[in-house]
Amino acid sequence: MAALYGVLRKLKSRNILQFPYISCCRSLASVTTAHKTPPLLYHANKKISHLIRTGRLSEARALFDSMNQRNTVTWNSMMSGYVHRREIAKARQLFDQIPQRDIVSWNLIISAYFSCRGSRYVEEGRKLFDEMPERDCVSWNTVISGYAKNGRMKEALKLFDAMPDPNVVSSNALITGFLLNGDVDSAVQLFRRIPVRDSASLNALMSGLVRNGELDVAARILHECGEGNDGKGDLVAAYNTLIAGYGQKGMVEEARCLFDEIPDYQGEDGNKSERRFRRNVVSWNSMMMCYVKTGDIVSARELFDRMIERDTCSWNTMISGYVQVSEMKEASKLFMEMPSPDTLSWNSIISGYAQNGDLGLAKDFFLRMPNKNLISWNSVIAGYEKNENYNGAIELFSQMQLEGERPDRHTLSSILSVCGAIADACIVFNEMKLYKDVITWNAMIGGYAFHGLASEALELFKLMQRLKIHPTYITFISVLNACAHAGLVEEGRRQFNSMIKDYGIEPQIEHFASLVDILARQGQLQEAMDVINSMLFKPDKAVWGALLGGCRVHNNVEFAKVAAEALIRLEPESSAPYVLLYNMYANLGQWDDAERVRVLMEKNNVKKQTGYSWVDS
DNA sequence: GTAGGGTTAG
């Protein structure tokens, strides 16, 4: 046994036969651990990992704390629970306490740091990687994919060149990274250079190409890889990705063609059936989703009825289809019929009732659901807002934060619109005596800011400060928004700094977006760009949108191009950035550039939405 | 117990 283990170790260090090795090693490891580890400890470890896999982290921790004997596997399992939840401080605490760390302990903590956004974490992860006493290929792959996921391809490539045995996993990570940055050519080139590709290589390439709107390239490569390949089993996932990609763009016919290319065979055929090229659940789900996207609920249902094996996602897709066309009866019928509804199923039903004006049922389901998440709250709050039940929305908004759920931009946009009837909101606010906490203050300030009543928002903020009510990061989003609307550059900067210095609130991406907005609106575009470059966050839609908005007002094509390209990369299907850029070029008489934008839009199959004009903006 | 890839909800 020991000799065999040694041989496998050597193979591993040379990176030969990754997958067989890993599966071999897993079974072997469990055999050896079972031999050496006392049975009680062995079973306790199993239980911890089971609890973590089923999301019962606190139970796992209780068991961990109660154990009087632990080995490194115990520590690592417990750590992995925190890593999964991105609770990095707790993971680190455990890591620092482990009596005997092994490579897995190091790999775990490093992967934790790299999976958090923000360069501070990346640097810490890298520091640990440099410090670790011994590395295996997982360590290298973790760091390379970590850099790639954070868009830092320079470092990723440098490590790729430096690693002792470059392998297919790190190549796949690089492909993903290139495509996150929109670098299609490099991704395709690297893909072609991989000596022995596996199914994940093709899948990484496919999903990236689809995200970048390069459906033609994706289709070509997919068919190239399929030719002369009789073990086509691995291709199904790639087909599924492209089918879904066509669906996103409403190209149902192309999707259906691909779907029909996969042999229609369902059910068991006894031996090694998994490796055969045939439709699986995901293929059916993806095709169904294409129909749902275009509102063709009949065709979707046809597929649903033909499926022999349905999973939760099949049910959810079908339910969301009925919700979309407001057939709540059928939606809830399926919900009742389905074997085990998950959080997503509940959320679909709740948002369905909420959107269709049945707040009572929406709230009923909401109260009954077992595991609420942020989207559950957002769905029901959005429902109250759309149905003009403002008090209800604000009440839920408060309740949500009392239960420790942190609002995001979806929540905020509902709650800001809630203050749509600003006079009503004001009355409600003044009448609230008992329940006026920081959250209601936030809602009110946000309401003023949203309606461009900047001085009212800032006044209220000052009053709040005088009353010694501690503002939160949400308060500052509204305050900064108010400054943006009122064109108060200096005030905005001052508030941004005061938030950090006086209140110790770390700026989030929303605050940066506001700051960029403030500067860009006043034409300080270089300063706005400097802010973007200085952020630890990867700029998102709001940030680039703010910059683009400023560019438009101040007719700055140079920065507009940068912002529009970034937006197109983030949301290739949205027509707004194309139209904006087109109009700017047209205004300046740069017709060649304008035409290029129009062609690009056509190539990406983006439909111009009503409400945007080619001529006037 | 650690690294890369496919479908669904606000």
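Note that these values count all heavy atoms, side chains included, but never hydrogens, waters or copies made by symmetry. Letters go in sequence order (proteins before strands), and every chain restarts at 1.
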Considering just the side-chain nitrogens and oxygens of Gln324(A), establish if one lies under 4.0 Å of OP1 or OP2 belonging to dG10(B).
no
Minimum-distance nucleotide to Val282(A) side chain [options: dG6(B), dG10(B), dT2(B)]
dG6(B)
How many whole angstroms separate atom CZ of Arg310(A) from atom P of dT7(B)?
21 Å
Looking for any heavy atom pair under 4.0 Å, which part of the strands does Asp408(A) touch: base, sugar-phosphate only, or nothing?
base
Give the rounded distance in Å between these two atoms: CE of Met79(A) and P of dA3(B).
11 Å
Using a 4.0 Å heavy-atom cut-off across all strands, classify Arg135(A) as base, sugar-phosphate, or nothing.
nothing
Verify the ring-centre separation between Phe335(A) and Trp315(A): is it less than 6.0 angstrom?
no
For Phe366(A), what residues pass the ring pair (Phe, Tyr, Trp, His ring centres under 6.0 Å) criterion, not counting sequence neighbours?
Trp377(A)
Between dG6(B), dT8(B), dA3(B), which nucleotide gets closest to the side-chain atoms of Ala237(A)?
dG6(B)
Distance in angstrom units between Ile103(A) CD1 and dT2(B) P, rounded
15 Å
dG6(B), OP1 or OP2 - any side-chain N/O from Ser207(A) closer than 4.0 Å?
yes
Starting at CD of Glu309(A) and ending at P of dT7(B), how long is that distance when rounded to a whole Å?
19 Å
Without decimals, in angstroms, what is the distance between Phe129(A) CZ and dT2(B) C1'?
14 Å
Tell me if a side-chain donor or acceptor on Asn212(A) pairs with a main-chain N or O of Gly208(A) at a distance below 3.5 Å.
yes
Using the rule given for ring pair (Phe, Tyr, Trp, His ring centres under 6.0 Å), can you reason through Phe95(A) versus Trp75(A), listing the C-alpha separation, both sets of side-chain angles and the distance that settles it, and then say yes or no?
CA-CA 8 Å; Phe95(A) 177 79; Trp75(A) 285 90; over 10 Å; no
Side-chain contact check for His410(A): nearest option of dG10(B), dT8(B), dT2(B) is dG10(B)
What is the separation between atom CG on Asn356(A) and atom P on dA9(B), rounded to the nearest whole Å?
16 Å
Across the strands shown, which category fits Leu108(A) at heavy-atom distances under 4.0 angstrom: base, sugar-phosphate, nothing?
sugar-phosphate
May I ask you to say what Asn280(A) touches in the nucleic acid, namely base, sugar-phosphate or nothing, with a heavy-atom cut-off under 4.0 Å?
base
Determine the contact category for Asn373(A): base if any of its heavy atoms lies under 4.0 Å from a base atom, sugar-phosphate if only primed atoms, P, OP1 or OP2 are that close, otherwise nothing.
base
Taking atom types as modelled, find out whether Thr74(A) and Asn45(A) have a side-chain donor-acceptor pair closer than 3.5 angstrom.
yes
Could you tell me the separation between the CE atom of Met288(A) and the P atom of dT7(B), rounded to a whole number of Å?
14 Å
For the side chain of Thr241(A), counting heavy atoms from C-beta on, which of dG6(B), dA3(B), dA9(B) is nearest?
dG6(B)
Among dA9(B), dT2(B), dG5(B), the nucleotide that comes nearest once only the side chain of Asn203(A) is considered:
dG5(B)
List the steps, then state whether salt bridge (charged side-chain N to carboxylate O under 4.0 Å, His left out) holds for Lys158(A) with Glu155(A).
CA-CA 5 Å; Lys158(A) 222 166 144 185; Glu155(A) 282 104 331; over 6 Å; no
Please determine, by modelled atom types, if Glu405(A) and Gln401(A) share a side-chain donor-acceptor pair under 3.5 angstrom.
no
d(CD1, Ile109(A); P, dT2(B)) in whole Å
14 Å
With sequence neighbours left out, the residues meeting side chain to side chain donor-acceptor pair (under 3.5 Å) with Asp358(A) are none
Ranking dA9(B), dG6(B), dG5(B) by distance to the side chain of Ala204(A), first place goes to dG5(B)
For DNA chain B, which residues in residues 374-387 of chain A have a heavy atom at a distance below 4.0 Å?
Leu374(A), Ile375(A), Asn378(A), Ser379(A)
